[in-house]
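Notes to accompany the following structure.
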Amino acid sequence: QVQLVESGGGLVQPGGSLRLSCVVSGSIFRITAMGWYRQAPGKERELVAAITSGGRKNYADSVNGRFTISRDNAKNTVYLQMNSLKPEDTAVYYCNGKAFGWPPEGYWGQGTQVTVSS
């Protein structure tokens with residue numbers, strides 16, 4: 001059925017860049033919103049960036065100006081371009097998607113690890 005699969009995580013040095021991808025598969029009429037969240041050890045999951053079907057975007061203050069969320073509706077894919085990475089960005093990054101016919105909270109991917117360390 002519905003699946004969200006993240007990819008693109010890895011180990012990078014401070015100041016480096018990564019591009020995360022999230023591909024949604026399954027029966028979908030239209031995705032209404034997608035977002036990226038992250039969770040560090042001992043911390044609660046927090047919103048990093050989100051984009052609505054109308055193209056409206058919002059970012060966490062901690063990543064604003066460094067991260068960019070984008071989408072390819074034809075491919076049911078959302079991206080997160082992460083530049084100028086800091087050690088504080090280290091976390092498991094999760095993709096969330098919402099669509100017509102889905103539960104109000106949407107579906108989550110399994111996550112991809114991002115580690116920023118020298």
Side-chain angles (χ1 to χ4, degrees):
Q1 296 291 344
V2 176
Q3 285 189 320
L4 282 70
V5 180
E6 303 97 334
S7 63
L11 173 64
V12 297
Q13 296 184 7
S17 298
L18 283 174
R19 187 184 188 227
L20 306 183
S21 300
C22 174
V23 180
V24 183
S25 63
S27 298
I28 306 170
F29 289 105
R30 183 179 181 182
I31 295 175
T32 57
M34 298 189 72
W36 287 97
Y37 296 72
R38 68 186 181 187
Q39 187 168 21
K43 303 292 182 61
E44 294 187 5
R45 190 172 301 186
E46 63 176 348
L47 175 68
V48 176
I51 183 170
T52 69
S53 60
R56 179 166 52 86
K57 304 175 182 180
N58 69 307
Y59 299 92
D61 290 340
S62 59
V63 307
N64 192 35
R66 299 186 297 120
F67 291 9
T68 302
I69 188 170
S70 61
R71 67 187 181 188
D72 186 335
N73 289 335
K75 297 180 179 179
N76 291 326
T77 301
V78 64
Y79 306 94
L80 185 68
Q81 179 66 46
M82 305 186 294
N83 299 325
S84 302
L85 283 163
K86 305 175 180 179
E88 304 92 277
D89 297 317
T90 297
V92 177
Y93 284 70
Y94 297 90
C95 178
N96 174 265
K98 302 183 189 299
F100 292 117
W102 290 8
E105 300 302 318
Y107 287 101
W108 293 90
Q110 295 299 309
T112 184
Q113 177 70 48
V114 173
T115 302
V116 185
S117 176
S118 60

Roughly how far apart are I31 CD1 and I51 CD1, rounded to 0.5 Å?
11.0 Å

Validation row, ring centre W102 to ring centre Y107 under 6.0 Å:
yes

side-chain contact (heavy atoms from CB on, under 4.5 Å) against V114, all qualifying residues, sequence neighbours excluded
L18, L20, M82, Y93, V116

So, using side-chain contact (heavy atoms from CB on, under 4.5 Å) as the criterion, who are the partners of S118 when residues are at least two apart?
P14

Could you tell me whether a side-chain N or O of N96 sits under 3.5 Å from a main-chain N or O of E105, the two making a donor and an acceptor?
yes

Could you tell me if the side chain of V23 sits less than 4.5 Å from the side chain of L4, heavy atoms only?
no

For the atom pair NZ (K75) and OG (S21), what is the distance rounded to the nearest 0.5 Å?
9.5 Å

Does E6 reach the main-chain N or O of C22 with its side chain, forming a donor-acceptor pair under 3.5 Å?
no

Would T77 and D72 count as having a side-chain donor-acceptor pair, cut-off 3.5 Å?
no

Is the shortest side-chain heavy-atom distance between Y59 and T68 below 4.5 Å?
yes

Could you give the distance from CD (Q1) to OG (S25), rounded to the nearest 0.5 Å?
10.0 Å

Working note: V12 + T115, criterion side chain to side chain contact (heavy atoms under 4.5 Å, CB included); need CA distance, chi angles, decisive distance, verdict.
CA-CA 6 Å; V12 297; T115 302; over 6 Å; no

Taking everything shown except Q3 itself, do over 12 heavy atoms lie less than 6.0 Å from its CD?
no

How about W108 and Y37: are their ring centroids closer than 6.0 Å?
yes

Other residues, nucleotides, ligands: >12 heavy atoms within 6.0 Å of Q110 CD
no

Kindly give the heavy-atom pair with the smallest separation between T90 and A40, and that separation in Å.
O-CB, 3.8 Å

Okay, side chain of K98, backbone of M34: is any donor-acceptor separation there less than 3.5 Å?
no

For the residue pair V63 and R38, establish whether any side-chain heavy-atom pair is separated by less than 4.5 Å.
yes

Are Y79 and V92 linked, directly or through other ILVMFWY residues, by side chains that come within less than 4.5 angstrom of each other?
no

Side chains of T52 and T32: does their closest heavy-atom pair fall under 4.5 Å?
no

Geometric cation-pi criterion R45 and Y94, 6.0 Å radius, 45° cone
yes

Quick one: side-chain contact (heavy atoms from CB on, under 4.5 Å) partners of N73, sequence neighbours excluded?
R71

Nearest 0.5 Å, what's the OG-CG distance between S117 and L11?
6.5 Å

Once you round to the nearest 0.5 Å, how far does CD1 of I69 lie from CD of Q81?
12.5 Å

Check step by step if side chain to side chain contact (heavy atoms under 4.5 Å, CB included) holds for L47 and N58.
CA-CA 9 Å; L47 175 68; N58 69 307; 3.6 Å; yes

